[in-house]
Enquirer: 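Got a structure here, written out as structure tokens. Questions coming.
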Amino acid sequence: MKFMKLGSKPDALQADGNSIRYVSSELATDVTVTVGDVTFHLHKFPLLSKSNQLQKLVSKANEESSDDIYLDDFPGGPKAFEICAKFCYGMTVTLNAYNVVAARCAAEYLEMTEDIDRGNLVSKIEVFLNSSIFRCWKDSIIVLQTSKSLLPWSEDLKIIGRCIDSIASKTSVDPAYITWSYTYNRKLAEPDKIVEDKMTFLEKIESVPKDWWVEDICELDIDLYKRVMVAVKSKGRMDGLVIGEALKTYALRWIPDSVDTLVSGANASRTKSVVETIVCLLPYDNGIGCSCSFLLKLLRVAILVSANESSTKELMKSISLKLHEACVKDLLIPARSPQTTKYDVHLVQGLLNQYMNDKKGSCGMEVVEEKHGEDEHILARRSLLNVGKLVDGYLGEIAHDPNLGLSSFVDLSQPIPGFARPDHDGLYRAIDIYLKEHPELTKAERKKLCGLMDVRKLTADASMHAAQNEYLPLRVVVQVLFFDQVRSSISFQSLGHNSTYDPSSSPMNRDERCKKTMEDSCQPLNNQMSHLRIKDEELHKNGKLGKKNGKNSKSGLQLLPSRSRRIFDKLWSVRKVLGEHRSSDTSGSSSSPTSLGHGDTKSCSLSLRHQRHSIS
């Protein structure tokens with residue numbers, strides 16, 4: 001820390017208790033100056049030779065036959081006046097970053113300028129500020145912080161403005177040229193510490209990080225911090241990532257972790273100011289500067305402290321630009337009254353809608369299918385794939401909420417385009433949880449809910465679970481079993497052509513054949529389903545299980561519940577008829593799923609599962 005000594009005489013100003021100060025001298029004092037609750041017994045001559053203001057006040061007091069002077073609202077209080085009084089007497093006084101602003105304001109108040117005496121206090125302090133304080137990184141920050149209590153004097157004297165400009169200029173210096181000390185408390189990994197210990201002084205200078213300055217300015221009050229950051233950004237030399245790191249560091253320093261502390265009294269007001277300031281300082285770089293996780297946490301705090309609407313909207317806009325980087329935990333923002341749900345689903349819905357609108361504006365949502373360009377297409381839309389997984393995971397969490405309405409669940413699921421869900425396992429899991437937590441759903445509501453899911457996109461494990469799920473509507477279970485067997489049949493047929501290359505054996509072509517087979521088989525399936533529902537109701541009434549088609553029941557099917565086994569038996573009879581119609585095109589055992597043993601079926605399912613993962 002820089003300092004400056006003034007005067008050469010010994011300190012003769014004595015204290016008598018807390019409220020009396022006097023000069024130890026052979027000469028009797030002839031004037032008393034009261035500053036706040038402290039009274040100074042001094043001599044007129046040394047004071048009047050340096051201060052124009054005291055000349056005026058003493059002259060006025062003489063007219064009233066008084067030796068008492070009262071300095072109301074004196075900047076810096078008794079301590080600042082004491083510095084000025086010692087200077088007038090030529091006593092030794094030390095100026096540093098902590099008292100120089102108060103001394104400067106006091107000297108201005110007392111008009112201790114060059115017009116009264118050459119080399120007066122004002123000019124000496126200005127030299128100290130310009131030659132030492134504003135050239136020192138940490139001293140500039142200390143001076144800026146102390147200047148707040150001396151408003152409006154410090155502002156009028158441009159001390160604050162000069163400090164801010166000094167700080168902003170230093171943040172823009174190339175890290176390779178930084179030789180002053182700074183605070184950097186980031187934890188280093190053990191290998192990094194070893195490397196740092198072996199560094200020479202020059203190497204350490206060259207290794208100064210770009211964000212070396214962010215921790216030191218965190219001690220500033222929010223209004224001064226805002227002005228510094230505005231000045232830093234106005235220089236146009238600071239990377240958005242560094243700006244984002246600075247804002248994050250300040251938020252961690254001043255926003256309490258505890259919700260109770262956050263919303264209590266003065267903390268709520270201060271936190272609100274911090275949040276609103278940080279939002280207005282966010283870098284305009286499409287959200288690159290700050291992580292989505294940090295922005296979502298900031299949004300959570302903004303809601304808790306009731307930040308202004310413009311700040312909340314700006315935060316949501318920044319979050320929507322990088323929603324694909326979020327995780328489910330970050331989206332679990334508690335709902336506030338009058339909402340009845342546990343989490344703020346409407347907020348997440350708004351973020352999702354804004355994200356999808358941005359995507360529609362930047363690139364069309366239609367899937368451009370190319371024969372050899374599917375991988376490139378998926379990579380180009382990777383963010384949408386991530387959002388699809390994010391939404392499905394979020395649906396799985398909020399599905400436990402008994403107060404979550406069906407319309408909210410459906411509305412949140414629908415904006416995701418089909419290609420953003422390569423498989424529907426996550427969506428199926430969310431639907432399954434919702435069905436279990438909401439047993440009061442009507443048949444129509446269950447149908448609407450399950451209509452969100454495409455059973456053709458379920459993996460083998462999810463299909464097996466769905467086939468045994470008693471909460472799913474009968475139609476959905478039939479579709480799961482049917483499509484799984486059609487895939488198994490197509491996969492088994494492909495095994496017969498593995499000796500030579502067949503274009504139809506590619507994953508995409510097999511899916512097309514599977515789709516064609518499904519379309520050809522849909523009509524007899526629909527005819528059977530009416531019969532199945534009637535039969536199922538009769539069996540439930542009688543409390544007995546049908547034992548028909550026992551020969552068609554495979555060992556793997558014994559794992560299915562009674563309803564699924566009955567459905568599966570009916571499916572075999574349908575597939576048998578379809579197999580006979582296609583017997584002229586395919587060879588016996590290789591075309592019929594009934595000819596597959598348990599081991600073959602398992603191998604085919606594994607092959608198909610691999611096929612699905614390779615596409616997605």
Side-chain angles (χ1 to χ4, degrees), residues 145 148-149 151 214-215 217-230 232-233 240 243-285 287 289-323 325-355 394 397-398 401 403-404 408:
Q145 186 72 315
K148 184 177 180 181
S149 61
L151 291 170
V214 302
E215 291 183 38
I217 65 171
C218 279
E219 298 306 315
L220 296 173
D221 291 336
I222 187 61
D223 51 346
L224 293 176
Y225 180 82
K226 179 180 179 180
R227 292 179 63 177
V228 169
M229 291 302 296
V230 169
V232 170
K233 293 175 68 176
I243 296 292
E245 181 65 21
L247 298 177
K248 179 181 177 181
T249 304
Y250 193 86
L252 293 175
R253 171 68 177 82
W254 291 104
I255 297 179
D257 294 329
S258 170
V259 175
D260 294 334
T261 306
L262 190 68
V263 298
S264 63
N267 282 330
S269 176
R270 185 182 66 183
T271 304
K272 179 182 177 181
S273 177
V274 169
V275 171
E276 292 174 354
T277 300
I278 290 177
V279 171
C280 76
L281 291 173
L282 289 174
Y284 295 103
D285 55 0
C290 297
S291 68
C292 189
S293 178
F294 168 67
L295 294 176
L296 282 166
K297 289 176 182 177
L298 204 61
L299 179 60
R300 184 198 299 258
V301 174
I303 294 172
L304 287 173
V305 298
S306 302
N308 59 53
E309 187 177 354
S310 61
S311 296
T312 303
K313 287 183 177 179
E314 188 64 29
L315 261 179
M316 291 183 66
K317 180 181 178 181
S318 298
I319 293 169
S320 66
L321 293 172
K322 53 194 325 179
L323 187 62
E325 295 180 6
C327 63
V328 174
K329 182 180 178 181
D330 295 330
L331 292 179
L332 299 178
I333 300 174
R336 304 197 72 187
S337 179
Q339 298 183 56
T340 58
T341 54
K342 182 179 180 180
Y343 299 112
D344 197 337
V345 180
H346 296 296
L347 178 67
V348 177
Q349 181 74 62
L351 291 173
L352 180 60
N353 290 342
Q354 192 165 350
Y355 176 84
Y394 181 73
E397 290 295 327
I398 65 174
D401 187 355
N403 294 325
L404 179 66
S408 297

Enquirer: Does Asp221 offer a backbone N or O that forms a donor-acceptor pair with the side chain of Lys148 under 3.5 Å?
Expert: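 Not confirmed, Lys148 side chain does not pair with Asp221 backbone.
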Enquirer: Return the CD to CD1 distance between Gln354 and Ile319, rounded to the nearest 0.5 Å.
Expert: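 The distance works out to 9.5 Å.
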Enquirer: What heavy-atom pair brings Leu224 and Gln145 nearest, and what distance separates the two atoms?
Expert: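 Distance-wise, the nearest heavy atoms are CD1-OE1, 4.0 Å.
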Enquirer: For residues Ile333 and Leu347, report the shortest heavy-atom separation together with the two atoms involved.
Expert: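 For Ile333 versus Leu347, the nearest heavy atoms are CD1-CD2, 3.5 Å.
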Enquirer: Is Asp330 salt-bridged to Lys297, cutoff N-O under 4.0 Å?
Expert: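 Looking at Asp330 and Lys297, the cut-off is not met.
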Enquirer: Counting only N and O atoms by type, is there a donor-acceptor contact under 3.5 Å from the side chain of Glu325 to the main-chain atoms of Ser291?
Expert: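 Pair absent, no side-chain N/O of Glu325 close to backbone of Ser291.
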Enquirer: More than 12 heavy atoms of other residues, nucleotides or ligands under 6.0 Å from CG of Asp257: is that the case?
Expert: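 Counting other residues, nucleotides and ligands, CG of Asp257 stays at 12 neighbours or fewer.
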Enquirer: State, to 0.1 Å, how close Gly240 and Pro283 come at their nearest heavy-atom pair, and which atoms those are.
Expert: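 Reported closest heavy-atom pair: O-CG, 3.9 Å.
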Enquirer: If you compare all heavy atoms of Glu276 against all heavy atoms of Ala307, which two are closest, and at what distance to 0.1 Å?
Expert: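 Smallest heavy-atom distance, with atoms named: OE2-CA, 3.7 Å.
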Enquirer: Run the salt bridge (Lys or Arg N to Asp or Glu O under 4.0 Å) check on Lys317 and Glu314 step by step: do they pass?
Expert: CA-CA 5 Å; Lys317 180 181 178 181; Glu314 188 64 29; 5.1 Å; no
Enquirer: Rounded to the nearest 0.5 Å, what's the gap from NZ on Lys313 to OG on Ser311? Could you check?
Expert: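 Reported value, rounded in 0.5 Å steps: 11.5 Å.
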Enquirer: Taking the basic N atoms (NZ, or NE/NH1/NH2) and the acidic carboxylate oxygens, is any pair closer than 4.0 Å for Lys248 and Glu245?
Expert: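 No, Lys248 and Glu245 are not salt-bridged.
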Enquirer: Less than 4.5 Å apart, any side-chain heavy atom of Ile398 and any of Thr341?
Expert: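 No, every pair of side-chain atoms sits at 4.5 Å or beyond.
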Enquirer: Among residues at least two apart in sequence or on other chains, which ones pass side chain to side chain contact (heavy atoms under 4.5 Å, CB included) with Glu397?
Expert: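 Per chain and number, Glu397 pairs via side chain to side chain contact (heavy atoms under 4.5 Å, CB included) with Val328, Leu332.
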Enquirer: Who are the ring pair (Phe, Tyr, Trp, His ring centres under 6.0 Å) partners of Tyr225, not counting sequence neighbours?
Expert: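 Applying ring pair (Phe, Tyr, Trp, His ring centres under 6.0 Å) to Tyr225 gives Tyr250.
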Enquirer: Ignoring hydrogens and angles, tell me if any N or O in the side chain of Lys226 forms a donor-acceptor pair with the backbone of Ile278 under 3.5 Å.
Expert: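 Not confirmed, Lys226 side chain does not pair with Ile278 backbone.
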Enquirer: Does Leu404 reach the side chain of Tyr343, with side-chain heavy atoms less than 4.5 Å apart?
Expert: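 A side-chain contact under 4.5 Å is absent here.
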Enquirer: Holding to side chain to side chain contact (heavy atoms under 4.5 Å, CB included), I want the full list of residues that pass it with Val232, two or more places apart in sequence or in another chain.
Expert: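 With neighbours one apart ignored, the set is Ala168, Thr171, Trp213, Val228, Met238, Ile243.
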Enquirer: Give a yes or no on whether a salt bridge exists between Arg253 and Glu215, defined as a side-chain N under 4.0 angstrom from a carboxylate O.
Expert: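 Looking at Arg253 and Glu215, the cut-off is not met.
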Enquirer: Minimum heavy-atom separation for Cys290 and Gly244, please, with both atom names.
Expert: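 Between these two residues, the closest heavy atoms are SG-CA, 3.6 Å.
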Enquirer: Please evaluate residues Arg336 and Asp344 with respect to the criterion salt bridge (Lys or Arg N to Asp or Glu O under 4.0 Å), reporting the C-alpha separation (whole Å), side-chain torsions for both, the decisive distance (0.1 Å), and the verdict.
Expert: CA-CA 7 Å; Arg336 304 197 72 187; Asp344 197 337; over 6 Å; no
Enquirer: Could you go through the side chain to side chain contact (heavy atoms under 4.5 Å, CB included) check for Tyr355 and Leu321 one step at a time?
Expert: CA-CA 6 Å; Tyr355 176 84; Leu321 293 172; over 6 Å; no
Enquirer: Can you tell me how far apart CZ (Arg227) and CG (Leu220) are? Round to the nearest 0.5 Å.
Expert: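 Here the interatomic distance stands at 11.5 Å.
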Enquirer: I'd like to check Cys292 versus Leu296 (side-chain heavy atoms, cut-off strictly below 4.5 Å). Are they in contact?
Expert: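 A side-chain contact under 4.5 Å exists here.
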Enquirer: Without swapping roles, check the side chain of Trp254 against the backbone of Ile222 for a donor-acceptor pair under 3.5 Å.
Expert: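 Here the side-chain-to-backbone pair does not exist.
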Enquirer: Verify, without hydrogens or angle tests, whether Thr271 (side chain) and Asn267 (backbone) share a donor-acceptor contact under 3.5 angstrom.
Expert: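 Side chain of Thr271 to backbone of Asn267: a pair is present.
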Enquirer: Which heavy atom of Leu299 sits nearest to which heavy atom of Thr312, and what is that distance?
Expert: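 Residues Leu299 and Thr312, closest heavy atoms: CD1-CG2, 3.9 Å.
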Enquirer: Roughly how far, to the nearest 0.5 Å, is CG of Leu315 from CG of Leu282?
Expert: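 With rounding to 0.5 Å, CG (Leu282) is 6.5 Å from CG (Leu315).
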Enquirer: Does Val214 reach the side chain of Leu247, with side-chain heavy atoms less than 4.5 Å apart?
Expert: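 SC-SC contact between Val214 and Leu247 ruled out.
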Enquirer: Mind checking the CE-CG spacing from Met316 to Leu323? Nearest 0.5 Å is all I need.
Expert: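 Output value for this atom pair is 10.0 Å.
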Enquirer: I'd like to know if the side chain of Asp401 reaches the main chain of Lys342, judged simply by a donor and an acceptor atom lying under 3.5 Å from each other, with no hydrogens or angles considered.
Expert: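 The answer is yes, because a donor-acceptor pair under 3.5 Å joins these two groups.
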